[in-house]
Chemist: 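I have a structure I would like to understand better, so I am pasting it below and will then ask my questions one at a time.
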2 protein chains.
Amino acid sequence: MTNALIRRLDEYTPLTGADRDELAHLCMQSTRLVQAKRDLIREGDAPRVIYVILDGWAAHYRTLANGRRQIVDFAIPGDLCDLNLFILDRMDHSISAITRLKVAEVRRELLHRVVTNFPNITTALWWAELVSKSIHREWIVNVGQRSASERVAHLFCEMFLRLESVGLTNGFSCDFPLTQNDIAETTGLTAVHVNRTIQELRRRGLIVLERQRLTVPDMLALQDASLFNPNYLHLRRLNQHTDAGRHAQKGRDRQGR
Amino acid sequence: MTNALIRRLDEYTPLTGADRDELAHLCMQSTRLVQAKRDLIREGDAPRVIYVILDGWAAHYRTLANGRRQIVDFAIPGDLCDLNLFILDRMDHSISAITRLKVAEVRRELLHRVVTNFPNITTALWWAELVSKSIHREWIVNVGQRSASERVAHLFCEMFLRLESVGLTNGFSCDFPLTQNDIAETTGLTAVHVNRTIQELRRRGLIVLERQRLTVPDMLALQDASLFNPNYLHLRRLNQHTDAGRHAQKGRDRQGR
DNA sequence: CGTTCAGTTGACCATGATCAAGAGTGGTGG
DNA sequence: CCACCACTCTTGATCATGGTCAACTGAACG
């Protein structure tokens with residue numbers, strides 16, 4: 001299987017052979033395994049390296065003074081954990097491993113060298129950064145405007161498509177390692193209510209979720225149930241079932257459907 | 001009064017005289033006035049210029065299929081309205097004028113020239129982008145984990161400090177042009193409940209809000225009431241009342257308090 | 001001077017929170 | 001291999017925060 005970072009960046013900018021080689025090299029310099037539930041880095045820390053997720057899931061989160069925790073994004077293979085390092089001195093949030101994690105640690109100088117010599121890669125990193133910001137916006141909408149079942153269904157839609165874009169789905173299924181408590185902390189609901197909500201989605205035939213595996217038999221139906229519009233993910237290649245047709249993306253060439 | 005963009009970017013990177021001149025020049029090339037409540041740009045549009053807010057407030061928002069609207073950020077003087085233009089082809093959200101607005105329109109080529117010739121400015125733009133992303137994260141936390149009164153109070157704290165950092169406060173007061181309906185659309189509450197919440201904050205003596213003017217007699221008290229921690233704004237110079245002391249910012253040199 | 005929009009109030013309702021207890025599952029060590 | 005522990009999931013009963021609907025007030029502005 002090809003490197004998830006390459007796969008992901010290539011989603012946006014067609015990369016040359018040299019670009020790919022450079023990225024592959026970058027990810028092999030120094031890798032690290034992290035146990036599930038361990039923090040990769042904590043709020044307040046000064047980041048020393050940039051992490052690239054090679055395998056597993058991580059969560060970006062913030063903790064409030066009263067102890068409550070809010071997950072603000074997930075990182076899956078191919079995702080970078082913040083370019084913060086280049087600019088801001090301190091982490092303003094924490095990152096922890098959901099599953100056992102394999103990450104590449106990229107030193108600042110190394111990435112800097114790449115950025116100055118490989119313009120395609122620079123553009124692609126910018127793109128990844130802006131897409132991640134767009135995802136943040138959608139999460140604000142999610143917790144602000146959607147009902148419990150819409151929120152949870154929306155999360156399933158998003159993660160399925162993101163996994164698909166890096167080749168981590170199998171037909172209608174994908175690994176889904178989140179506990180109901182994790183889902184609660186991302187949707188602003190309680191774990192008890194997430195449980196009831198998931199049962200409702202199961203009853204309606206929208207998802208199958210068992211033993212860390214998610215199946216979405218009808219993606220369009222799930223999207224309808226969650227007011228999901230894939231545009232915010234800025235995926236170039238939308239798959240058959242991702243509903244590229246319904247949400248007008250004026251003037252952009254489309255495949256599928 | 002000095003240009004708000006310069007003031008804002010200088011907050012991060014000390015700019016040279018040449019940097020300042022260039023920014024001033026950039027903002028004077030082409031300016032435009034926008035009526036209150038008009039959209040500056042809409043979701044799906046291909047942006048042609050980058051906007052810099054020179055005067056007034058704007059709102060970034062998304063609309064759902066069911067018509068509900070969520071404001072995902074405000075733009076105040078000195079803020080840039082998305083560097084999207086450089087990378088992503090379509091707007092994934094809309095921006096509309098809260099008040100009458102004065103904006104600078106910066107053409108892509110022009111900004112590109114600046115970016116290649118003025119490294120300080122490039123760094124500062126990156127910084128602005130990352131801070132704006134951090135603000136997005138905090139908004140997720142806000143709607144996800146805080147109670148109604150905490151959410152509304154948090155918004156007051158944030159906007160007050162952001163205005164202060166570009167010199168738009170007067171002692172304990174600042175202009176505050178949002179309607180209760182606007183506040184509802186940013187906090188994920190209803191306008192009716194925002195009304196009751198604001199009355200509660202008034203009763204508790206935390207804010208004075210009348211005729212578009214906000215006064216915060218005791219910023220620390222308001223911060224306590226909203227679980228507010230200013231770190232996420234990445235302000236270099238925290239003012240006296242911004243509570244730099246309580247929230248440990250390890251190893252960072254601080255002023256005030 | 002009337003029209004419009006923002007703010008206010010009241011009555012009632014519903015979504016989701018809280019508290020508590022129990023069932024399934026997996027991993028660990030005796 | 002089994003007993004135990006911890007964690008995740010599940011269910012029920014009750015509660016509360018904030019939503020909905022509707023009417024009214026007041027200020028701003030043409």
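Letters A, B, ... mirror the listed sequences (proteins, then strands); counts begin at 1. Not measured: the values here are computed from a predicted model.
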Chemist: State whether the side chain of Arg69(A) and the backbone N or O of Arg62(A) hold a donor-acceptor pair below 3.5 Å, judged by distance alone.
Modeler: no
Chemist: Looking at Arg100(B) and Asp55(B), does any basic side-chain N land under 4.0 Å from a carboxylate oxygen?
Modeler: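 Looking at Asp55(B) together with Arg100(B), the answer is no, because their closest N to O distance does not fall below 4.0 Å.
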Chemist: So, is Gln180(A) near the phosphate of dT10(D), with a side-chain N or O under 4.0 Å from OP1 or OP2?
Modeler: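 Looking at the OP1 and OP2 atoms of dT10(D), one of them is under 4.0 Å from a side-chain N or O of Gln180(A).
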Chemist: Between dG18(D) atom P and Gln145(A) atom CD, what is the distance in whole Å?
Modeler: 15 Å
Chemist: Rounding to an integer number of Å, can you tell me how far Glu200(A) CD sits from dC9(D) C1'?
Modeler: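 Taking atom C1' of dC9(D) as the reference, CD of Glu200(A) is at 17 Å.
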Chemist: I need the CD-C1' distance between Glu210(A) and dT25(C), as an integer number of Å.
Modeler: 14 Å
Chemist: Would you give a per-nucleotide map of nucleotides 25-30 of chain D, 5' to 3', where B means the base has a protein non-hydrogen atom under 4.0 Å away, S means only the sugar-phosphate does, and - means neither?
Modeler: ---S--
Chemist: Are any side-chain N or O atoms of Gln223(A) and backbone N or O atoms of Asn229(A), one a donor and one an acceptor, separated by less than 3.5 Å?
Modeler: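 No; zero donor-acceptor contacts below 3.5 Å.
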Chemist: Please state how far atom CG in Leu178(B) lies from atom P in dA6(C), giving the value in whole angstrom units.
Modeler: 12 Å
Chemist: Is Arg162(A) paired with Asp73(A) through a side-chain N to carboxylate O contact shorter than 4.0 Å?
Modeler: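 Here Asp73(A) pairs with Arg162(A) in a salt bridge, since their nearest N and O are under 4.0 Å apart.
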Chemist: Distances under 3.5 Å only, N/O to N/O: pair up the protein atoms with those of nucleotides 15-19 of chain C.
Modeler:
unit_1: dG16(C); atom_1: OP1; unit_2: Ala148(A); atom_2: N; d: 2.8
unit_1: dA17(C); atom_1: OP1; unit_2: Gly188(A); atom_2: O; d: 3.4
unit_1: dA17(C); atom_1: OP1; unit_2: Thr190(A); atom_2: N; d: 3.4
unit_1: dA17(C); atom_1: OP2; unit_2: Thr190(A); atom_2: N; d: 3.2
unit_1: dA17(C); atom_1: OP2; unit_2: Thr190(A); atom_2: OG1; d: 3.0

Chemist: At how many degrees, to 10°, do the end axes of the helix from dC1(C)-dG30(D) to dG30(C)-dC1(D) meet when each uses five pairs?
Modeler: 40°
Chemist: Determine the interplanar angle of the His93(B) and His60(B) rings, folded into 0 to 90°, and report it as parallel if under 30°, tilted if 30 to 60°, perpendicular if over 60°.
Modeler: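 Ring orientation of His93(B) relative to His60(B): tilted.
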Chemist: Between Lys37(A) and dT8(D), does any side-chain N or O lie under 4.0 Å from OP1 or OP2?
Modeler: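 For Lys37(A), the contact criterion (side-chain N or O under 4.0 Å from OP1 or OP2 of dT8(D)) is met.
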Chemist: Can we say Arg204(A) and Glu200(A) salt-bridge, meaning some charged N sits less than 4.0 Å from an Asp/Glu carboxylate O?
Modeler: yes
Chemist: How many whole angstroms separate atom CG of Asn195(B) from atom P of dT8(C)?
Modeler: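 Those two atoms, CG and P, are 5 Å apart.
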Chemist: Tell me whether the OP1 or OP2 atom of dC9(D) has a side-chain N or O from Gln199(A) closer than 4.0 Å.
Modeler: no
Chemist: For the pair made of CG in Leu209(B) and P in dA6(C), what is the distance, rounded to whole Å?
Modeler: 14 Å
Chemist: In whole Å, I'd like the distance from the CD atom of Glu185(B) to the C1' atom of dA6(C).
Modeler: 14 Å
Chemist: Judged by atom type as modelled, is there a donor-acceptor pair below 3.5 Å linking the side chain of Ser94(B) to the main-chain atoms of Glu43(B)?
Modeler: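 The answer is yes, because a donor-acceptor pair under 3.5 Å joins these two groups.
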Chemist: Any ion pair linking Arg90(A) and Asp45(A) (charged N to carboxylate O, less than 4.0 Å)?
Modeler: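 Answer for the salt bridge query: no.
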Chemist: Can you measure Asn181(B) atom CG to dT4(C) atom P for me and round it to whole angstrom units?
Modeler: 18 Å
Chemist: Output the distance between atom OG1 (Thr186(B)) and atom CG (Leu178(B)), rounded to the nearest 0.5 Å.
Modeler: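 These two atoms lie 7.5 Å from each other.
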Chemist: Under a 4.0 Å threshold between the charged nitrogen and the carboxylate oxygen, would Lys133(A) count as salt-bridged to Glu138(A)?
Modeler: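 Salt bridge: no.
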Chemist: Begin with the C-alpha distance, continue with both residues' side-chain angles, and end with the deciding distance and a verdict on ring pair (Phe, Tyr, Trp, His ring centres under 6.0 Å) for Phe160(B) and Phe172(B).
Modeler: CA-CA 9 Å; Phe160(B) 191 93; Phe172(B) 298 139; 8.0 Å; no
